[in-house]
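For reference, the structure is listed below as structure tokens.
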Amino acid sequence: LVAADIALVKVGYLRELFKKGKLLPPRQRIPEEAKLQGKDIEQVQFDAAKNRPRSPTSRRLFVISHAWLSEQHPDPTGVRLKELAYFFKKTDADNEELVFFDF
């Protein structure tokens with residue numbers, strides 16, 4: 001993740017986009033405070049366990065992969081963002097947990 005300069009987006013940022021009726025912007029326009037990349041990722045303790053309580057210092061990493069829904073934008077109507085907001089609520093995702101997008 002670090003060597004490839006991957007950016008991970010915070011769940012809370014995606015929730016706010018949905019609440020405001022906005023679309024997911026290109027990575028370059030995601031505010032710095034809404035993502036983690038580079039050396040900051042090395043400091044995160046990821047927790048993959050499903051059936052045990054998460055520690056206060058660990059975070060889950062959600063991996064999202066989907067095809068673009070139009071030639072101009074991966075989610076032009078916000079339908080995927082709506083599905084993600086529902087998923088995050090259903091899984092009790094914390095706002096500081098992280099998302100990797102592949103689209």
Side-chain angles (χ1 to χ4, degrees):
L1 291 172
V2 175
D5 194 33
I6 301 294
L8 303 177
V9 181
K10 293 180 181 180
V11 166
Y13 172 72
L14 299 174
R15 282 185 170 136
E16 283 301 310
L17 284 178
F18 173 69
K19 285 180 189 175
K20 294 177 180 178
K22 296 186 177 185
L23 299 178
L24 185 65
R27 175 186 163 190
Q28 298 82 355
R29 291 199 343 240
I30 295 175
E32 290 301 315
E33 64 273 8
K35 62 186 175 185
L36 255 59
Q37 60 191 103
K39 296 283 184 193
D40 292 334
I41 294 173
E42 290 180 330
Q43 307 305 316
V44 178
Q45 175 187 345
F46 291 106
D47 189 351
K50 285 182 168 181
N51 299 318
R52 66 180 164 98
R54 295 189 307 268
S55 80
T57 59
S58 69
R59 298 184 198 179
R60 290 179 290 180
L61 174 62
F62 299 97
V63 178
I64 309 297
S65 180
H66 70 84
W68 281 44
L69 299 180
S70 79
E71 289 184 26
Q72 295 77 28
H73 194 277
D75 187 17
T77 64
V79 69
R80 293 288 190 247
L81 191 56
K82 180 180 179 179
E83 291 169 345
L84 284 173
Y86 174 76
F87 172 79
F88 295 142
K89 183 176 181 176
K90 184 178 171 184
T91 59
D92 196 30
D94 184 88
N95 282 340
E96 293 298 310
E97 292 185 302
L98 301 165
V99 180
F100 168 77
F101 280 102
D102 176 26
F103 55 78

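Along the sequence shown, residues are numbered consecutively beginning with 1.
Within the 3.5 Å criterion, the main-chain N or O of Leu24 finds no donor-acceptor partner in the side chain of Asp75. Glu97 places a side-chain N or O within donor-acceptor distance of the main-chain N or O of Arg60, the cut-off being under 3.5 Å.
At a threshold of 4.5 Å between non-hydrogen side-chain atoms, the residues Leu61 and Phe100 count as touching. Proximity of Val11 to Asp94: side-chain heavy atoms (C-beta onward) are nowhere separated by under 4.5 Å. Counting heavy atoms from C-beta on, the side chains of Pro25 and Leu17 come closer than 4.5 Å.
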* Asked: Can Phe62 and Leu14 be said to form a side-chain contact (heavy atoms from CB on, under 4.5 Å), step by step?
  -> CA-CA 12 Å; Phe62 299 97; Leu14 299 174; over 6 Å; no
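Smallest separation of non-hydrogen atoms from Leu23 and Pro76: CD1-O, 3.3 Å. Residues Lys10 and Glu96 approach most closely at NZ-OE1, 3.4 Å, considering heavy atoms. Here the closest heavy-atom approach between residue Gln37 and residue Ile6 is recorded as CB-O, 3.3 Å. Shown here for Lys89 and Arg15, the closest heavy-atom pair between the two residues is N-NH2, 4.0 Å.
A continuous path of ILVMFWY side-chain contacts below 4.5 Å connects Val63 to Leu8, so both sit in one hydrophobic cluster. Criterion: ILVMFWY side-chain heavy atoms under 4.5 Å apart, direct or through other members. Under it, Tyr13 and Phe87 are part of a common hydrophobic cluster.
Rounded to the nearest 0.5 angstrom, Glu83 CD and Phe18 CZ are separated by 10.5 Å. To the nearest 0.5 angstrom, Glu16 atom CD is 7.5 Å from Asn95 atom CG.
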